[in-house]
Amino acid sequence: MAYLILGQVAMNYWLVKSEPSVWSWDQQVAKGAKGEAWTGVRNYTARQSLVAMKKGDKAFFYHSNEGKEIVGIAEIIKEAYPDPTDKTAKFVCVDIKADKPLKMPVTMAAIKAEKKLADMALVKYSRLSVQPVTAEEWKLVCKMGGM
DNA sequence: GCCAACGTTGGC
DNA sequence: GCCAACGTTGGC
């Protein structure tokens, strides 16, 4: 059932992945409140999530390949618009800013070890770079991250 | 560095 | 529209 908080639909939660050698959490933090365009997504499943993102939604920031851990929480500050780096004009991007780091990064190993997180897209669809996170998953990962 | 998973491309 | 070949992602 959908419910309302102060007249707004409850926010949605997401997870975005980046190889830290390409774009890291620290680089995201350095961009501050004005954030940065999350470009380069070239997968239609991931695109669906980008389109569904609303301003104010939160997203886990995951480091793939190196680290393999959720390191921080980002906030969507601009909803989907055409990705300027996409010559085919089919794909979109959003702008995100760093919100806050997790006190303790939550590793892929820790997520796999937690039975309640077995259905996370991060585990089931390991190649998907932008994905939804349920409110239950969000809460649990935050707790594991010392938040 | 390997390779499984899986999305995309292109010949038919 | 099918499907084999190919390319990419990302965990290990």
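Chain naming here is simple, since letters A, B, ... match the order of the sequence lines and numbering starts at 1 in each. Atoms considered below: every heavy atom in the structure, side chains included; atoms not considered: hydrogens, waters and symmetry mates.
Rounded to an integer number of Å, the gap from CZ of A/Phe91 to C1' of B/dT8 is 10 Å. Atom NE2 of A/His63 and atom C1' of C/dG11 are 16 Å apart (whole Å). Atom-to-atom, CD1 of A/Ile70 to P of C/dG11 comes out at 11 Å; the value is rounded to the nearest Å. Whole-Å rounding puts the A/Asn43 CG to C/dT8 P distance at 14 Å. Atom CG in A/Asn65 sits roughly 11 Å away from atom C1' in C/dC12 (whole-Å rounding). Look at CH2 on A/Trp23: it is 18 Å from P on C/dT9, rounded to the nearest Å. As rounded to whole Å, 11 Å separates atom C1' of C/dC12 from atom CE of A/Met108. The nearest whole Å value for the distance from the CD atom in A/Glu19 to the P atom in C/dT9 is 8 Å.
Close to C/dT9, at under 4.0 Å from its OP1 or OP2, lies no side-chain N or O of A/Lys17. Between A/Lys90 and B/dT8 there is no side-chain polar atom (N or O) within less than 4.0 angstrom of OP1 or OP2.
Under 3.5 Å, the side chains of A/Arg42 and A/Thr85 contain a donor-acceptor pair of N or O atoms. Side-chain contact of A/Asp57 with A/Trp14: a donor-acceptor pair under 3.5 Å is present, judged by distance alone.
Remark: A/Lys78 is positioned above the aromatic ring of A/Tyr81, its terminal NZ or CZ atom under 6.0 angstrom from the ring centre and at most 45 degrees off the axis.
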Using atom names, set out every protein N or O paired with an N or O of nucleotides 2-6 of chain B below 3.5 Å, distance rounded to 0.1 Å.
| residue | atom | partner | partner atom | Å |
| --- | --- | --- | --- | --- |
| B/dA5 | N3 | A/Arg127 | NH1 | 3.1 |
| B/dC6 | O4' | A/Arg127 | NH1 | 3.0 |
| B/dC6 | O2 | A/Arg127 | NH1 | 2.3 |

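In terms of the side-chain contact (heavy atoms from CB on, under 4.5 Å) criterion, A/Ser126 has no residue partners (sequence neighbours excluded).
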Just do the salt bridge (Lys or Arg N to Asp or Glu O under 4.0 Å) check on A/Lys31 and A/Glu36 with the steps written out, would you?
-> CA-CA 7 Å; A/Lys31 287 285 173 179; A/Glu36 178 76 357; 3.5 Å; yes
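Through direct or indirect side-chain contacts shorter than 4.5 Å among Ile, Leu, Val, Met, Phe, Trp and Tyr, A/Ile77 is connected to no other residue.
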